[in-house]
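Naming convention: chains lettered A, B, ... in sequence-line order (proteins, then strands); numbering from 1 in each chain.
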Protein chains: 2
Amino acid sequence: MKTRDKILLSSLELFNERGERNVTTNHIAAHLAISPGNLYYHFRNKSDIIYEIFLEYEKLVDFYLDIPEDRAMTLDDMTFYLESVFDGLWSYRFFHRDLEYLLDSDQRLRQDYRDFTNRCLASISRIFEKLAEAGIIEPQEEDLRSAMSLNVWLVITNWMAFLKTAHAAEESACLTLTELKQGIYQVLTLEIPYLTPAYRERVMALREKYRPALHDRDDLNATLCK
Amino acid sequence: MKTRDKILLSSLELFNERGERNVTTNHIAAHLAISPGNLYYHFRNKSDIIYEIFLEYEKLVDFYLDIPEDRAMTLDDMTFYLESVFDGLWSYRFFHRDLEYLLDSDQRLRQDYRDFTNRCLASISRIFEKLAEAGIIEPQEEDLRSAMSLNVWLVITNWMAFLKTAHAAEESACLTLTELKQGIYQVLTLEIPYLTPAYRERVMALREKYRPALHDRDDLNATLCK
DNA sequence: GTATTATTAGAGTATATACTCTAGTGAGTC
DNA sequence: GACTCACTAGAGTATATACTCTAATAATAC
């Protein structure tokens, strides 16, 4: 693997693990056992590394959220979208953590992220529309649909922060993809009132699969997360 | 005013304006025209300043979210809760921005914030319960009510981050309380399906008051925010 | 007044951080 | 063998950051 790609990979790994704020370019170089000079041969600065990682993230989510227009939408599609988006969020989880700072220090990123958000919102709204066409949810006026889409987006992008901050015993590193996907339970909660009678049972059953475990997770975590 | 209080006030002001990450103890001292030594006479370190500011924030929100148990809830109560919570969010807006980092660097804060979140969630849930008792929304099972409360919390705490990141032309400083309160529109969107026929019209009218302006706000901002 | 205590200034320190500069090395080309 | 060129090492730099230390001044108690 090329040094350049190794830098991107290690950076992402370290950022996700410790948070961008706690990872310096020297840390990245040390982690790869290369010199800082070498790192700066491949990237002009830290922002450039982050920007390239964002482009990957963007590409991934755009790929996941591609809506097929030649056929009706199924419940499986919806499940796929939810699972995928949370997968993406997990793989690039450092990003939303320090989002505001990152956008403040890179105007390119700010602009691109804005467009990205708008594309995501449009996709979510389109998914709702197609779910209605498929008779899974009741059709809604566009106004309501976009407000709902925005709420879905807010829940999705804030779910991880909630997990990491609301559970005292957990360190940041101490978070599993499974827990993250309990966010799906929250998203489906938003849909409940709009489900058609024909699909209500099936969606509720799907939602049940993601229900957070009831017991206090602290003990479990103690064993799971060293 | 005591130097100690001035430090807290200036810190909050600078944190809100520039973000905690961009404000050093030296900046705070310089802003007050006092020496760093003086600042460190009053506070052991930066974390202690942040912690005390959090305690204020916590106290304020706890005060706002006190639910009177001796009478029924009105629509005005609900409006007050929403307005107040967003006021609090505005006054201490730096806090949620760097939340994860702050909690990672101060265990007291982590524990306290966790308890704070849980109290807020309980209050939101209790508000829903009392809104149902008052015939404003349909009563719901506890399960659903707590999932809904959590969604409300996620929307509220993430609304500002959304505003600051989704609008490219806006600098962080460039955000008004009015815009922030459009978050109320989003929260009321969550309630729509649960409104009783008796109150539906009134709540929808209330919601309308917070609807975000339709036009592209960039031009307006250019004039409003220097 | 004198003693004590609270407060303040301001220079200083140890460490970290993002990034630069110079001097290479090694693989391929002619 | 001479030359090129992508790549790398590693020491070094300017600046910033959180925080400390000492000495001095103001406020208060007796």
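- Each of C:dT17, D:dC19, C:dT7 was ranked by its minimum atom distance to the side chain of B:Lys2; first place goes to C:dT7.
- Under the 4.0 Å criterion applied to side-chain N and carboxylate O atoms, A:Asp48 and A:Arg108 are assigned as salt-bridge partners.
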Are any protein N/O atoms closer than 3.5 Å to N/O atoms in nucleotides 9-11 of chain C? If there are, list each pair with its distance.
residue : atom : partner : partner atom : Å
C:dA9   : OP2  : B:Ser35 : N            : 2.9
C:dA9   : OP2  : B:Ser35 : OG           : 3.4
C:dA9   : OP2  : B:Asn38 : ND2          : 2.9
C:dA9   : N7   : B:Ser35 : OG           : 3.0

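- In this entry the distance linking CE of B:Met1 with P of C:dT7 reads 16 Å, nearest Å.
- Between A:Phe116 and A:Tyr113, the ring-plane angle classifies as tilted under the 30° and 60° cut-offs.
- Side chain of A:Tyr40, nearest nucleotide from C:dT17, D:dC7, C:dT20: C:dT20.
- In this entry the distance linking CG of B:Asp106 with P of D:dA18 reads 15 Å, nearest Å.
- Using cut-offs of 30° and 60° on the angle between ring planes, the pair A:Tyr64 and A:Phe80 is perpendicular.
- Close to C:dT7, at under 4.0 Å from its OP1 or OP2, lies no side-chain N or O of B:Thr3.
- Residues forming a salt bridge (Lys or Arg N to Asp or Glu O under 4.0 Å) with A:Arg145 (at least two apart in sequence, or on another chain): A:Glu129.
- A distance-only check finds a donor-acceptor pair linking the side chain of A:Arg93 to the backbone of A:Trp90 [under 3.5 Å].
- Here B:Asp98 pairs with nothing under the salt bridge (Lys or Arg N to Asp or Glu O under 4.0 Å) rule; sequence neighbours left out.
- When the side-chain nitrogen and oxygen atoms of A:His42 are compared with OP1 and OP2 of D:dT8, one or more of them lie within a distance under 4.0 Å.
- Between B:Tyr41 and C:dT7 there is a side-chain polar atom (N or O) within less than 4.0 angstrom of OP1 or OP2.
- If you measure from atom CZ of A:Arg21 to atom C1' of C:dA18, you get 16 Å, rounded to the nearest angstrom.
- The backbone N or O of B:Met73 lies less than 3.5 Å from no partner atom in the side chain of B:Asp77, so there is not a single donor-acceptor pair.
- Residues of residues 5-15 of chain B that place a heavy atom closer than 4.0 Å to DNA chain D do not occur.
- Counting only residues at least two apart or on different chains, the ring pair (Phe, Tyr, Trp, His ring centres under 6.0 Å) pairs with a member in residues 13-41 of chain B are B:Phe15-B:Phe94.
- For B:Asp143, the salt bridge (Lys or Arg N to Asp or Glu O under 4.0 Å) criterion is met by A:Arg211, not counting sequence neighbours.
- Regarding B:Leu32, its CG atom lies at a distance of 15 Å from the C1' atom of C:dT7, rounded to whole Å.
- Remark: B:Lys181 pairs with B:Glu83, B:Asp87 by the salt bridge (Lys or Arg N to Asp or Glu O under 4.0 Å) rule, at least two apart or across chains.
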Which atom pairs link the protein and nucleotides 13-15 of chain C when you take only N or O atoms and keep those under 3.5 Å?
none

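- A cation-pi arrangement is not found for B:Arg21 relative to B:Tyr101, the charged atom failing to lie both closer than 6.0 Å to the ring centre and inside a 45° cone about the ring normal.
- Between the C1' atom of C:dC19 and the CG atom of A:Asp48 lies a distance of 13 Å, rounded to the nearest Å.
- Every residue two or more places apart in sequence or in another chain that forms a side chain to side chain contact (heavy atoms under 4.5 Å, CB included) with B:Val152 is listed here: B:Ile124, B:Phe128, B:Ile156, B:Val187, B:Leu190.
- Among pairs with a residue in residues 2-13 of chain B, those fulfilling salt bridge (Lys or Arg N to Asp or Glu O under 4.0 Å) read B:Arg4-B:Glu52, at least two apart in sequence or across chains.
- Note that the two end axes of the helix from C:dG1-D:dC30 to C:dC30-D:dG1 enclose an angle of 10°, each drawn from 5 base pairs, rounded to 10 degrees.
- For B:Thr157, the side chain to side chain contact (heavy atoms under 4.5 Å, CB included) partners are A:Asn158, B:His96, B:Trp153, not counting sequence neighbours.
- Residue B:Leu39 contributes atom CG, which lies 12 Å from atom P of D:dT20 at whole-angstrom precision.
- Summarising the geometry, the separation between CZ on A:Phe43 and P on D:dC7 is reported as 12 Å, rounded to the nearest angstrom.
- Using a 4.0 Å heavy-atom criterion, one finds that B:Asn26 contacts the bases of the nucleic acid, with or without backbone contacts as well.
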